[in-house]
Undergrad: 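Sharing a structure here in structure tokens format.
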Amino acid sequence: MINSMAVIEDGAEISDNVFIDAYTIIRKNVSIGRNTRIEAFCELGSGNSDKLIIPDNSIIRSHSVFYGGSCFGEGLETGHRVTIRENTKAGINLRVGTQSDIQGDCIIGNYNRFHSNVHISKHTLIGSFVWLFPFVVTTNDPHPPSDFLQGVVIKDYVAISTMSVILPGVTIAKNSIVGAHSKVTRDTEEGYLYSGNPAKKTCAAERIRLKDGSRRPAYPWTQHFHTGYPEEITQLWKQG
Amino acid sequence: MINSMAVIEDGAEISDNVFIDAYTIIRKNVSIGRNTRIEAFCELGSGNSDKLIIPDNSIIRSHSVFYGGSCFGEGLETGHRVTIRENTKAGINLRVGTQSDIQGDCIIGNYNRFHSNVHISKHTLIGSFVWLFPFVVTTNDPHPPSDFLQGVVIKDYVAISTMSVILPGVTIAKNSIVGAHSKVTRDTEEGYLYSGNPAKKTCAAERIRLKDGSRRPAYPWTQHFHTGYPEEITQLWKQG
Amino acid sequence: MINSMAVIEDGAEISDNVFIDAYTIIRKNVSIGRNTRIEAFCELGSGNSDKLIIPDNSIIRSHSVFYGGSCFGEGLETGHRVTIRENTKAGINLRVGTQSDIQGDCIIGNYNRFHSNVHISKHTLIGSFVWLFPFVVTTNDPHPPSDFLQGVVIKDYVAISTMSVILPGVTIAKNSIVGAHSKVTRDTEEGYLYSGNPAKKTCAAERIRLKDGSRRPAYPWTQHFHTGYPEEITQLWKQG
């Protein structure tokens, strides 16, 4: 159902079973997949005339802005007031929280979860099953302002806690954990916790215990946290 | 006065002397009290069909989103682009600044002031007369991601300065002060200033002097700051 | 071209060659210069009835809110969801990124660039050719909450990196650089880099080398970075 007060420009492609709420603007360069819901006050396809692909089975919450020239795998879900700029390529089931901003020119894998107010700079590369908590920032200019940019790389299964900044050119290794309010200035080692300003290697992540009384290791988190992932994936995680 | 370009769903309850501006959407599960002003581009009652109570004598500024299932005491005031999610229970005269986000499942007392970009996680408990400055974040997961959450508790008269993060399960005691850009990892002691990353006990708050030339103690702030509170309360503060 | 679904109040002054998109509200106290583009879902002139001057050759991106009582030199450019409050006086070619918030009662020079989520407190004074990166915050209350406010002063050519906070009353001297995730508690010295929490003087900024292989000094940045400035200015910079 397309609300009568939505603006759908000629040329926009809308698949079956799409809901578009009042006061949302869909530009002519947008293609919206099936079973997708676009809430009110959004503008999709702004800034340029390149194709924007909103995939099947997605939810774009209110007041969000997507530029032309990006594509996503199915099951995209956003919070409110999200901004996604041009040339963002993301895999399936990306979740982007309220007021997060993906600056474009970046590649993002599958099943990633970005909480609210996450800021992804241009030239960031993100693997799969990554968690970025509120106000996490990736950067790209080692001596701002300049024309020489070095993106951040974040590997699979990484979790970066709230209000942490990753400096330009840093690689966060697989299964690394970054504590809250940290500034990461160097590459991390796989499976370790880093914390502080500047962040230091604190301990092996597997040494952190769940506080739920079980005393099981909290990391890798795939051993205990499965909410929101398909069963074929969590079965593999359970098998180790 | 309800603008002709606002959308008011059947079932919504609008009291006397309510102003609703253009392009705002009021869902059927919303009840709006008297003498209340809802600015443009808001959506009230989204996300679910539970009752949303917007109280008397309130101002909701533009582009704000309130989910169903929350209630507030009278005199609610928000900035622009505020997000309030389900199951937020707040007392009278809450002020929430521009782009702040209350994630729901939380209890908030009376006369609280949250500046802009404040992020309140689920399971946060906040007393009364609390000040949270821009980009203050409360958290709830001691080993993210996990299913075991521990909320933050913030007691009466606390002031937390800009860009500070409170870690999961921490209690900020009555009259404690947190300096700017701090990470609070442990419970605080009543009436002390904490600052740094990680935050350390710096001094008794009452030892901080006002810089206005008077040399009076800056804390407890109720001894000198009264703007925006009713006289029956500030009279009590003056009496000590 | 003014979209038929924009709201233009009687009294608003719209110059030649102005584009106003759907669902934007222009209050009666607004004057819009020539060759200017206002995107969708904005509200200009809110909060009071003082004059708001939107200058020639400007772009205001979607979901932005400008209060009455501010003025800007020509070539103003904003991102999405910007908030500019009353009594903001800014020079030419100000760029303000997505979700940035200028709280008003401040004076801002020429050719400044504020990235996204920058928060400028009341009583901030900013020179010209200043760079503020995402989530930079200026403050004004040395013992919050209080009635005694001390603004921050930021001089010409300063660059402040992401997630840094400048404490009340601090002056950031000309050509100073502030590293990411820093808390600046004292005045800085001209041409030095400050970094950390609290920020310490790290080195002369001119000792930082460009990582582009040239080994040229990265600062003053005017020696190598010219994108977006008019040639008559960059010619002067090249001459030193």
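Residue numbering restarts at 1 for every chain, and letters A, B, ... go by the order of the sequence lines. As the structure is a computational prediction, the values presented were derived from the model and not from experiment.
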Undergrad: So, do B:Val152 and B:Pro168 sit near enough that their side-chain heavy atoms are less than 4.5 Å apart?
TA: no
Undergrad: Hey, which of C:Gly169, C:Cys42, C:Gly47 has the most heavy atom pairs under 4.5 Å with chain B?
TA: C:Cys42
Undergrad: Taking the side chain as every heavy atom from C-beta outward, state whether B:Phe72 and B:Leu94 have any pair of such atoms under 4.5 Å apart.
TA: yes
Undergrad: Checking C:Ile8 now: which residues fulfil side chain to side chain contact (heavy atoms under 4.5 Å, CB included) with it, not counting sequence neighbours?
TA: C:Ile2, C:Ala6, C:Ala12, C:Ile14, C:Ile20, C:Ile26
Undergrad: So do B:Phe114 and B:Ile120 actually touch side chain to side chain, heavy atoms under 4.5 Å?
TA: yes
Undergrad: What part of C:Pro145 gets closer than 4.5 Å to chain B, counting heavy atoms only: side chain, backbone, both or neither?
TA: both
Undergrad: Among B:Ala22, B:Gly179, B:Ala180, B:Ala40, who wins on heavy-atom pairs under 4.5 Å with chain C?
TA: B:Ala180
Undergrad: Show the pairs of one donor and one acceptor atom, one from chain C and one from chain B, lying under 3.5 Å apart.
TA:
unit_1: C:Met5; atom_1: O; unit_2: B:Tyr23; atom_2: OH; d: 2.6
unit_1: C:Arg27; atom_1: NH2; unit_2: B:Asp21; atom_2: OD2; d: 2.7
unit_1: C:Phe41; atom_1: O; unit_2: B:His63; atom_2: NE2; d: 2.7
unit_1: C:His63; atom_1: O; unit_2: B:Arg81; atom_2: NE; d: 3.4
unit_1: C:His63; atom_1: O; unit_2: B:Arg81; atom_2: NH2; d: 3.1
unit_1: C:Tyr67; atom_1: OH; unit_2: B:His80; atom_2: NE2; d: 2.7
unit_1: C:Arg81; atom_1: O; unit_2: B:Arg81; atom_2: NH1; d: 3.3
unit_1: C:Arg81; atom_1: O; unit_2: B:Arg81; atom_2: NH2; d: 3.4
unit_1: C:Val82; atom_1: O; unit_2: B:Arg81; atom_2: NH2; d: 3.0
unit_1: C:Thr83; atom_1: OG1; unit_2: B:Arg81; atom_2: NH1; d: 2.6
unit_1: C:Thr83; atom_1: OG1; unit_2: B:Arg81; atom_2: NH2; d: 3.3
unit_1: C:Gln99; atom_1: O; unit_2: B:Gln99; atom_2: NE2; d: 3.2
unit_1: C:His119; atom_1: ND1; unit_2: B:Ser116; atom_2: OG; d: 3.3
unit_1: C:His143; atom_1: O; unit_2: B:Tyr219; atom_2: OH; d: 3.4
unit_1: C:His143; atom_1: NE2; unit_2: B:Lys211; atom_2: N; d: 3.0
unit_1: C:Pro144; atom_1: O; unit_2: B:Tyr219; atom_2: OH; d: 2.8
unit_1: C:Asp147; atom_1: OD1; unit_2: B:Thr227; atom_2: OG1; d: 3.4
unit_1: C:Met163; atom_1: O; unit_2: B:His181; atom_2: NE2; d: 2.8
unit_1: C:Lys183; atom_1: NZ; unit_2: B:Ala180; atom_2: O; d: 3.2
unit_1: C:Lys183; atom_1: NZ; unit_2: B:Ser195; atom_2: OG; d: 3.4
unit_1: C:Asn197; atom_1: ND2; unit_2: B:His181; atom_2: O; d: 2.9

Undergrad: Applying side chain to side chain contact (heavy atoms under 4.5 Å, CB included) between C:Ile160 and each of C:Val118, C:Ile154, C:Ile177, report the one that passes.
TA: C:Ile154
Undergrad: Is there a side-chain contact between C:Ile126 and C:Leu132 in this structure, where contact means two heavy atoms from C-beta onward sitting under 4.5 Å apart?
TA: yes
Undergrad: So what's closer than 4.5 Å to chain C heavy atoms on B:Ala159: side chain, backbone, both or neither?
TA: side chain
Undergrad: Within a strict 4.5 Å, meaning less than it, do heavy atoms of the C:Lys51 and C:Ser31 side chains meet?
TA: yes
Undergrad: Got C:Leu76 and C:Ile59 here, is their nearest side-chain heavy-atom distance under 4.5 Å?
TA: no
